[in-house]
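Accompanying notes for the structure given below.
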Amino acid sequence: MPELPEVETVVRSVRPHLVGKRIVAADLTSPHVTPGNRGALAKRLVGRTIQSVTRRGKFIQIALDAGFLTVHLGMTGKLLISGAVETHTYGVFTLDDGVLLYHDPRQFGTIEWSPQVHPRVARLGPEPLEITLEEFRARLKRKTKMKSLLLNQTFLAGVGNIYADESLFAAGIHPLASAEKLSKVRAEKLWAAIRGILAHSIELGGSSISDYVDAEGKKGWFQVEHRVYGRDGEACAQCGGPIRKTLVAQRGTHFCPVCQKR
DNA sequence: GACGATGTTGGCAC
DNA sequence: GGTGCCAACATCGT
């Protein structure tokens, strides 16, 4: 589900319900989502006050008056500020005013506490909406395929499968194109495409592919703007030829063989 | 019912 | 530092 625009949307929707609230109870029930001693984690959280909720890459950082609660939604994670406890609800945070639920059928997501900024967050590359063109170009100097590089969170933080495919299409770059051989002009096109697409998606509340919703249960609408992702066999919006789907870096990769050159 | 695919990441072998 | 492959897990479509 969640790439940068979806996580940003979740953060914006959950923030006003959390900041300033105190955690009075935490019920954690998945060894995958909350590895280690869950009882000890719950105990550590009780009594803490939430100071801020921010996004870094695809991570949600909840700053407490002692340490950080870092949430990654994995493929199917959801944070909800209301609703019932269901089969795949693996976190229930009772607040002095309200509740925060974590729901994650596949349990690829994680909720972890750390005294400082989480090491997984510390390792992330720059934010795509903040990086300068100069720095972006400098970071392209790697012997790898563009699709793989865009998925690498140490290159840029927050781009996933959907936005990698959409950005490459918008810039007219083949997913297998070599990163280090990208021309100056095409590098700038890609830099601008990533920014434009992520920003536009945030405006539309992200992409709701299967059942993605924000913390208040609202769907996003950027999926209707997808030009290649999930459009295998459909006509390309630019040339009318068929969009193709292949496998790159073990991930389904959608592109237009006519509009995207290596 | 079996099989393959799904928005993510990490570990392993090479 | 790369790539390729597999792993975690549940659900849905063919």
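Proteins come first, then strands; the chains are lettered A, B, ... in the order of their sequence lines, and each starts at number 1. The structure displayed is predicted, hence computed values, not measured ones.
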Item checked: Side-chain (A:Ser13) to main-chain (A:Ala215) donor-acceptor, under 3.5 angstrom -> yes

Check: At under 4.0 Å, does any side-chain N or O of A:Gln250 touch on OP1 or OP2 of C:dG4?
Finding: no

Item checked: Nearest-angstrom distance from the residue atom CG of A:Leu73 to C1' of C:dA10 -> 16 Å

Note to self: Nearest to the side chain of A:Lys58, heavy atoms from C-beta on, is which of C:dA10, B:dG7, B:dT9?
What the structure shows: B:dT9

Margin query: Could you walk me through whether A:Ile197 and A:Phe222 satisfy the side chain to side chain contact (heavy atoms under 4.5 Å, CB included) test, starting with their C-alpha distance in whole Å, then the side-chain angles of each, then the deciding distance to 0.1 Å, before giving a yes or no?
Written below: CA-CA 9 Å; A:Ile197 285 169; A:Phe222 190 70; 3.8 Å; yes

Note to self: Between P on C:dA10 and CD on A:Glu86, what's the gap in Å once rounded to a whole number?
What the structure shows: 16 Å

Check: Want to know the stems of DNA chain C: at least 3 consecutive Watson-Crick or G-U pairs with distances under 3.5 Å, which are they?
Finding: B:2-6 with C:10-14, B:8-14 with C:2-8

Next item on the list: List the atom of A:Asn161, the atom of A:Gly252, and the distance in Å for their closest heavy-atom pair.
Entry: ND2-O, 3.0 Å

Next item on the list: Decide side chain to side chain contact (heavy atoms under 4.5 Å, CB included) for A:Glu112 and A:Leu69; before the verdict, give the C-alpha distance in whole Å, the side-chain angles of both, and the deciding distance to 0.1 Å.
Entry: CA-CA 6 Å; A:Glu112 297 171 284; A:Leu69 195 58; over 6 Å; no

Item checked: Phosphate OP1/OP2 of C:dA10: any A:His88 side-chain N/O under 4.0 Å -> no

Note to self: Suppose we screen for salt bridge (charged side-chain N to carboxylate O under 4.0 Å, His left out). Which residues come up paired with A:Glu166, at least two apart in sequence or across chains?
What the structure shows: none

Polar pairs (N or O, both sides) under 3.5 Å between protein and nucleotides 10-13 of chain B?
unit_1	atom_1	unit_2	atom_2	d
B:dG10	OP1	A:Arg120	NE	3.0

Item checked: Basic-acidic side-chain contact under 4.0 Å: A:Asp96, A:Lys21 -> no

Notebook entry, point to check: Can you find a side-chain donor-acceptor pair between A:His17 and A:Glu216 that sits under 3.5 Å?
Noted result: yes

Next item on the list: Would you name the heavy atoms of A:Leu140 and A:Ala187 that are closest together and state the gap between them?
Entry: CD1-CB, 3.6 Å

Notebook entry, point to check: A:Ile209 has an atom CD1; how far is it from atom P of B:dA5, in whole Å?
Noted result: 18 Å

Note to self: Between B:dG7 and C:dT3, how far apart are the two C1' atoms, rounded to whole Å?
What the structure shows: 23 Å

Next item on the list: Could you check how far CE of A:Met75 sits from C1' of C:dC12, rounded to whole Å?
Entry: 13 Å

Next item on the list: Pick base, sugar-phosphate or nothing for A:Gly252, based on heavy-atom distances below 4.0 Å to the nucleic acid.
Entry: sugar-phosphate

Checklist line | Atom-pair distance (CG on A:Leu124; C1' on B:dT9), nearest Å | finding: 12 Å

Checklist line | Members of residues 99-108 of chain A that approach DNA chain C, where some heavy atom sits under 4.0 Å away | finding: A:Pro105, A:Arg106, A:Gln107, A:Phe108

Notebook entry, point to check: Taking OP1 and OP2 of B:dG4, is either one under 4.0 Å from a side-chain nitrogen or oxygen of A:Lys245?
Noted result: no

Check: Got a salt bridge between A:Arg55 and A:Glu127, using NZ or NE/NH1/NH2 to carboxylate O under 4.0 Å?
Finding: yes

Next item on the list: Check each residue of residues 141-158 of chain A for a non-hydrogen atom within less than 4.0 Å of any atom in DNA chain C, then write out the ones that pass by number, or none.
Entry: A:Arg142, A:Lys143, A:Thr144, A:Lys145

Next item on the list: Apply side chain to side chain contact (heavy atoms under 4.5 Å, CB included) to A:Thr253 and A:Lys245, showing your working.
Entry: CA-CA 5 Å; A:Thr253 296; A:Lys245 181 179 178 190; over 6 Å; no

Next item on the list: Count the heavy atoms belonging to other residues, nucleotides or ligands that lie under 6.0 Å from CZ of A:Arg15, then report whether that count exceeds 12.
Entry: yes

Item checked: A:Ile111 versus A:Tyr102, closest heavy-atom pair with distance -> CD1-CG, 3.6 Å

Can I get a per-line list of side-chain donor-acceptor pairs under 3.5 Å for residues 42-50 of chain A, giving both atom names and the distance, sequence neighbours left out?
unit_1	atom_1	unit_2	atom_2	d
A:Arg48	NE	A:Asp65	OD1	2.6

Next item on the list: Check the surroundings of atom CD in A:Glu86: do more than 12 heavy atoms from other residues, nucleotides or ligands lie under 6.0 Å from it?
Entry: yes

Item checked: Interatomic distance, A:Glu180 CD vs C:dT3 P [rounded to whole Å] -> 11 Å

Check: Is A:Glu180 paired with A:Lys143 through a side-chain N to carboxylate O contact shorter than 4.0 Å?
Finding: yes

Notebook entry, point to check: OP1 or OP2 of C:dC9 sitting under 4.0 Å from any side-chain N/O of A:His32?
Noted result: yes

Margin query: What contact category does A:Tyr229 fall into here, base, sugar-phosphate, or nothing, at under 4.0 angstrom with non-hydrogen atoms?
Written below: sugar-phosphate

Check: Is A:Arg251 near enough to B:dG7 that one of its side-chain N or O atoms lies under 4.0 angstrom from OP1 or OP2?
Finding: yes

